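Taking it in order: structure first as structure tokens, then the write-up.
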Amino acid sequence: MTSDRTTERLVWDLPLRLFHWLLFCSLSASWITAKIGYDVRQYHMWLGFWMIGLLTFRIVWGLVGPRYSRFASFFPRPRLFIDHVRESFRGGAKQSVGHNPAGGLMVFALLILIAAQAISGLFVDDDIFYAGPYASKASESFAGIMSTIHHNAINFILVLVAGHIAAVVYFSVLRKQGLIRAMLTGMKSADVVSAQEEISGSRIWLAITIVIVVATAMFSLSWV
Ligand code: HEM
Ligand code: HEM
């Protein structure tokens with residue numbers, strides 16, 4: 001991609017951006033296939049395995065990826081969160097390079113809930129036609145708890161996703177911070193990102209290696 005490095009700087013690496021838009025498409029497809037019902041239940045389960053792989057990639061990337069993809073860079077800290085909310089209400093919150101303290105909290109909540117949704121799917125049992133691949137190996141009470149999680153976590157996810165989309169549209173359109181554009185191109189304005197804060201690259205080969213290891217592990221578990 002050609003860009004003017006004096007006016008824009010790289011913040012979101014390519015693997016992180018791909019992860020984000022794949023997560024958006026896969027979660028939407030998982031929800032749609034869940035709602036259509038029995039005819040497409042097998043597709044729903046395959047999508048679920050894919051999502052577990054996707055989330056596993058994100059966890060590893062959160063440990064070894066470039067600066068703003070790392071969990072350490074946006075780990076929720078109550079003090080920063082309170083300061084950020086206070087400054088936002090006063091209209092003076094500084095635009096963040098990576099996730100802001102409120103956004104970081106939302107990201108952790110979303111990732112944890114989606115992981116709970118996907119993992120509980122492995123043990124869910126509708127007692128009629130379809131059960132997750134590990135349901136028969138789990139005790140009845142454990143499968144019951146997992147079914148409760150699988151049928152309820154999705155409601156919290158939908159609320160958070162609605163809040164997430166409303167927030168990014170607000171900051172992008174009304175506050176003109178270009179967050180959505182940044183999640184597409186990876187670039188933010190040089191007014192916000194100093195030369196020292198820019199990431200040096202996307203670590204593509206590291207990402208490809210992680211994808212191969214995660215995909216091999218997923219297939220070797222031979223769930224289906
Ligand atoms: C994040 C990914 C997932 C989402 C958003 C999701 C969502 C849902 C929802 C909303 C339902 C309830 C459908 C209804 O009756 O209204 C459902 C049912 C089901 N899901 Fe998932 N699911 C996901 C991952 C998985 C995985 C990984 C598996 C297993 C491999 C799985 C297996 C099942 C099964 C067997 C049912 C039917 C059980 C029942 O209705 O009690 N799901 N899913
Ligand atoms: C199923 C729907 C969605 C889910 C589950 C989701 C989830 C996430 C997650 C987990 C992140 C953090 C990325 C990371 O560090 O891993 C994120 C960031 C972001 N998402 Fe989404 N997203 C969804 C839909 C959307 C849509 C439709 C848009 C655009 C309209 C969008 C725009 C953004 C932006 C701009 C960021 C970066 C926020 C920031 O600057 O801190 N997302 N999203």
Side-chain angles (χ1 to χ4, degrees), residues 11-13 15-38 40-55 57-59 61-62 65-66 68-71 73-74 95-135 143-144 146-155 157-158 160-173 177-186 188 192 221 223-224:
V11 171
W12 302 123
D13 53 85
L16 191 276
R17 285 179 274 142
L18 280 175
F19 162 80
H20 177 266
W21 296 113
L22 285 172
L23 183 71
F24 167 52
C25 296
S26 320
L27 188 75
S28 307
S30 294
W31 186 74
I32 291 166
T33 51
K35 287 297 152 194
I36 290 176
Y38 292 117
V40 293
R41 196 59 100 211
Q42 187 58 52
Y43 294 103
H44 176 75
M45 295 210 270
W46 283 331
L47 268 164
F49 291 126
W50 156 261
M51 286 200 63
I52 290 174
L54 203 58
L55 289 165
F57 168 81
R58 181 64 184 99
I59 291 169
W61 204 237
Y68 303 105
S69 291
R70 291 198 184 204
F71 297 133
S73 78
F74 59 96
Q95 202 178 320
S96 299
V97 179
H99 297 306
N100 69 42
L105 188 64
M106 168 86 89
V107 171
F108 269 95
L110 264 173
L111 292 176
I112 289 170
L113 275 171
I114 297 172
Q117 181 76 34
I119 292 166
S120 60
L122 299 173
F123 301 93
V124 76
D125 192 351
D126 68 358
D127 289 327
I128 313 171
F129 296 120
Y130 275 105
Y134 291 160
M146 289 293 130
S147 296
T148 306
I149 293 175
H150 205 69
H151 283 99
N152 292 291
I154 185 67
N155 298 323
I157 293 172
L158 293 176
L160 278 189
V161 164
H164 167 62
I165 295 176
V168 295
V169 168
Y170 169 77
F171 283 107
S172 296
V173 179
Q177 292 190 0
L179 299 188
I180 298 173
R181 190 174 164 278
M183 204 23 105
L184 289 164
T185 65
K188 283 192 180 178
V192 178
L221 283 173
W223 280 326
V224 230

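Side chains are part of it too, since the values below use all heavy atoms of this structure and drop only hydrogens, waters and symmetry mates. We count ligands from 1, going down the list as the structure has it; atoms in each ligand are counted the same way. Everything quoted here is computed from the prediction, not taken from an experiment. Counting begins at 1 with the first residue of the sequence.
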Could you tell me whether the side chain of [X] and the main chain of [Y] form a donor-acceptor pair under 3.5 Å?
X      : Y      : answer
Ser30  : Gly48  : no
Arg58  : Ser69  : yes
Gln177 : Ser172 : no
Thr33  : Tyr43  : no
His164 : Leu160 : no
Lys188 : Val97  : yes

(message) To the closest 0.5 Å, what do you measure between CD1 (Ile36) and NE2 (His44)?
(response) 11.0 Å
(message) Nearest 0.5 Å, please: how far is OG1 in Thr185 from CH2 in Trp12?
(response)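 Going from the CH2 atom of Trp12 to the OG1 atom of Thr185 covers 11.5 Å.
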(request) Mind telling me whether Phe19 and Phe57 have parallel, tilted or perpendicular rings, with 30° and 60° as the class edges? (result)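 It falls in the tilted class, 30° to 60°.
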(request) Give the ring-plane orientation class for Phe108 versus Phe71, where under 30° counts as parallel, over 60° as perpendicular and anything between as tilted. (result)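 Correct class here is tilted.
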Can you pull out the closest protein heavy atom to [atom]? Residue, atom name and distance to 0.1 Å, please.
atom                    : value
atom 10 (C) of ligand 2 : Leu111 CD2, 3.8 Å
atom 11 (C) of ligand 1 : Ala34 CB, 3.7 Å
atom 16 (O) of ligand 2 : Arg58 NE, 2.6 Å
atom 37 (C) of ligand 1 : Arg41 NE, 3.2 Å
atom 40 (O) of ligand 1 : His151 NE2, 3.1 Å
atom 26 (C) of ligand 1 : Gly121 CA, 3.7 Å
atom 2 (C) of ligand 2  : Phe24 CD1, 3.4 Å
atom 27 (C) of ligand 2 : Ile165 CD1, 3.7 Å
atom 30 (C) of ligand 1 : Pro133 CD, 3.7 Å
atom 4 (C) of ligand 2  : Val161 CG2, 4.3 Å
atom 35 (C) of ligand 1 : Val124 CG1, 3.4 Å
atom 38 (C) of ligand 1 : Asp126 CB, 3.7 Å
atom 12 (C) of ligand 2 : Val107 CG2, 3.4 Å

Where does [X] meet ligand 2, judged by heavy-atom distances below 4.0 Å: at the side chain, the backbone, both, or neither?
X      : value
Met183 : side chain
Trp21  : side chain
Ile180 : both
Leu16  : side chain

Side-chain heavy-atom pair [X], [Y] within 4.5 angstrom cut-off:
X      : Y      : value
Gln95  : Asn100 : no
Trp21  : Met183 : yes
Leu122 : Ile52  : yes
Ser96  : Phe74  : no

(request) From atom 25 (C) of ligand 2, work out which of His99, His20, Arg70 has a heavy atom at the shortest distance. (result) His20
(request) From the options His44, Gln117, Gln42, select the one whose nearest heavy atom is closest to atom 1 (C) of ligand 1. (result)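 That would be Gln117.
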(message) Considering both backbone and side-chain atoms of His164, is one of its nitrogen or oxygen atoms within less than 3.5 Å of a nitrogen or oxygen in ligand 2?
(response) yes
(message) Under 3.5 Å between any N/O of Asn100 and any N/O of ligand 2: does that happen in this structure?
(response)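 Checking ligand 2 against Asn100, no N or O pair falls under 3.5 Å apart.
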(request) Could you pull out the closest heavy-atom pair between Met51 and Leu23, with the gap in Å? (result)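 What the structure gives for the nearest pair is CE-CD1, 3.8 Å.
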Under 4.0 Å to a heavy atom of [X] - the qualifying atoms of ligand 1, by number:
X      : result
Lys35  : 16 (O)
Ser30  : 2 (C), 3 (C), 4 (C), 5 (C)
Ile154 : 5 (C), 10 (C)
Met51  : 1 (C), 2 (C)

(request) Provide the number and element of each atom of ligand 2 under 4.0 Å from a heavy atom of Leu110. (result) 7 (C)
(request) Taking only heavy atoms of Leu27 into account, list the atoms of ligand 2 that are under 4.0 Å away from them. (result) 1 (C), 5 (C)
(request) Return yes or no for this condition: an N or O of His150 is under 3.5 Å from an N or O of ligand 1. (result) yes
(request) Please determine which of Thr148, Ile154, Ile149 meets the side-chain contact (heavy atoms from CB on, under 4.5 Å) test together with Ser120. (result) Ile149
(message) Heavy-atom contact check, 4.0 Å cutoff: does Phe19 meet ligand 2?
(response)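 The answer is yes: ligand 2 sits under 4.0 Å from a heavy atom of Phe19.
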(request) Report the part of Ser147 (side chain from C-beta onward, or backbone N, CA, C, O) that has a heavy atom under 4.0 Å from ligand 1; answer both or neither where that applies. (result) neither
